[in-house]
Amino acid sequence: MAFELPALPYAVDALEPYISKETIEFHYGKHHAAYVNKLNELIPGSRFENASLETIVKEAEGGIYNNGAQVWNHSFYWNCLSADGGEEPVSGKLSDAIVRDFGSFAQFKVQFSQAAATLFGAGWAWLVSDRAGKLSIVQESNAGNPLRQGLSPLLTCDVWEHAYYIDKRNSRPAYIDDFWKIVNWKAVEAYYLNRIS
Ligand code: MN
């Protein structure tokens, strides 16, 4: 049973002008698709032949882990973005938790942006919740995924160069600035409510 590339939750040009159609065509259509294909090549004959993607992310090593986690991470990343996004939550349980754990929404944004900007090389910045609902920000290199540490992802920013080089060249901070304008906070809140329920 092969894994499939999940449908993009919006049109390829939906995130313009913040993320271009060309970036999505390469990032989703080439990079994300390649991780799916490579994962499907590696699984036959391994102990993960009937495993879920989440089990692969939590338990696999080497190429199966790298490609499986990149499949998971990218599907999650697309779901964290929306053309209707960017409107920051000002009330509700997620908003309350952000203020409780970071001091203010502005402070959270500063810390998350810093985590995304300073991550050396390729990787992902994550907002995560622990089992008690406490929020934190983690940096993961390469295919890293916080599920490995028992943390629940709520939001991620892909800071591999392929995420921004077409649109922003070497300016990762410019990409992060535009990332905030399209964050799907309804999705982030839904992940959090699901986590604490
Ligand atoms: Mn990517």
Side-chain angles (χ1 to χ4, degrees), residues 4-36 53-54 57 69-90 92 94-95 97-98 102 105-106 108-117 119 122-129 135 137-140 142-147 151-169 171-195:
E4 289 182 7
L5 179 66
L8 197 65
Y10 31 74
V12 287
D13 61 354
L15 303 180
E16 290 193 338
Y18 307 113
I19 296 178
S20 70
K21 179 183 176 201
E22 187 182 6
T23 288
I24 300 287
E25 284 172 346
F26 276 83
H27 197 180
Y28 170 74
K30 305 289 185 191
H31 291 277
H32 193 178
Y35 293 126
V36 174
L53 188 58
E54 189 164 322
V57 169
Q70 284 294 77
V71 171
W72 196 102
N73 294 356
H74 283 90
S75 300
F76 189 81
Y77 171 71
W78 303 127
N79 289 334
C80 286
L81 303 175
S82 167
D84 302 323
E87 197 176 331
E88 298 162 5
V90 292
L94 175 66
S95 173
I98 287 173
F102 299 101
F105 195 87
F108 156 70
K109 268 179 81 171
V110 167
Q111 288 183 38
F112 187 97
S113 295
Q114 190 171 20
L119 197 158
W124 303 79
W126 302 84
L127 171 66
V128 298
S129 172
L135 304 180
I137 293 164
V138 295
Q139 292 174 315
E140 295 276 358
N142 300 316
N145 183 302
L147 288 169
L151 298 167
S152 294
L154 306 180
L155 171 68
T156 194
C157 184
D158 183 348
V159 297
W160 285 58
E161 283 188 347
H162 66 223
Y164 58 88
Y165 220 85
I166 291 170
D167 295 339
K168 306 296 196 296
R169 297 302 175 190
S171 182
R172 191 189 289 184
Y175 158 70
I176 296 165
D177 281 349
D178 275 354
F179 167 83
W180 291 117
K181 296 167 187 164
I182 46 174
V183 170
N184 184 353
W185 285 106
K186 289 193 179 79
V188 178
E189 179 151 48
Y191 292 131
Y192 186 60
L193 295 178
N194 185 52
R195 180 72 192 113

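When reading the values below, keep in mind they use all heavy atoms of this one structure, side chains included, and skip hydrogens, waters and symmetry mates. Residue numbers start at 1 and run along the sequence shown.
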4.5 Å side-chain heavy-atom contact, Phe179 and Val159: no
Minimum heavy-atom distance between Tyr191 and Leu154, given as atom pair plus value: CD1-O, 3.5 Å
NZ/NE/NH1/NH2 to OD/OE distance under 4.0 Å, Asp178 and Lys168: yes
Parallel, tilted or perpendicular: rings of His27 and Trp78 (30°, 60°): perpendicular
Spacing of Leu94 atom CG and Glu88 atom CD [to the nearest 0.5 Å]: 11.5 Å
Parallel, tilted or perpendicular, as decided by the 30° and 60° cut-offs, for the rings of Phe112 and Trp180: perpendicular
Ring geometry between Tyr77 and His74 (parallel below 30°, tilted from 30 to 60°, perpendicular above 60°): perpendicular
Straight-line distance of Ile19 CD1 to Lys21 NZ, nearest 0.5 Å: 15.5 Å
Contact summary for Ala83 and Leu15, nearest pair of heavy atoms: N-CD2, 3.6 Å
Check: His162 and Phe26 side chains under 4.5 Å, non-hydrogen atoms: no
Nearest-0.5 Å distance, CD1 of residue Ile137 to SG of residue Cys157: 11.5 Å
Exercise: identify the closest heavy-atom pair between Val128 and Pro153: CG1-CA, 4.2 Å
Atom NZ of Lys181: over 12 foreign heavy atoms under 6.0 Å: yes
Spacing of Ser75 atom OG and His32 atom NE2 [to the nearest 0.5 Å]: 3.5 Å
Neighbour count above 12 (heavy atom, 6.0 Å) for Tyr165 OH: yes
Distance-minimising heavy-atom pair for Gln139 and Leu119: NE2-N, 3.4 Å
Parallel, tilted or perpendicular: rings of Tyr35 and Trp160 (30°, 60°): perpendicular
Contact summary for Gly144 and Trp124, nearest pair of heavy atoms: O-CD1, 4.1 Å
Which atom of Ala97 lies closest to which atom of Tyr192, heavy atoms considered: CB-OH, 3.4 Å
Approximate separation, where rounding is to 0.5 Å, of Thr156 OG1 and Trp72 CH2: 8.5 Å
Minimum side-chain heavy-atom gap Asn73-Trp126 below 4.5 Å: yes
Arg195 side, atom CZ; Leu193 side, atom CG - distance, nearest 0.5 Å: 12.5 Å
Intermediate values then yes/no, side-chain contact (heavy atoms from CB on, under 4.5 Å), Ile176 and Tyr164: CA-CA 9 Å; Ile176 296 165; Tyr164 58 88; over 6 Å; no
Residue Glu87 excluded, over 12 heavy atoms near CD under 6.0 Å: no
Asp13/Ile24 under side-chain contact (heavy atoms from CB on, under 4.5 Å): CA gap, chis, key distance, verdict: CA-CA 8 Å; Asp13 61 354; Ile24 300 287; over 6 Å; no
Test side-chain contact (heavy atoms from CB on, under 4.5 Å) applied to Cys80 and Asn184, step by step: CA-CA 5 Å; Cys80 286; Asn184 184 353; 5.7 Å; no
Side chains of Phe102 and Leu127 in contact at under 4.5 Å (non-hydrogen atoms): yes
Residue pair Phe105 / Pro89, side-chain heavy-atom distance below 4.5 Å: yes
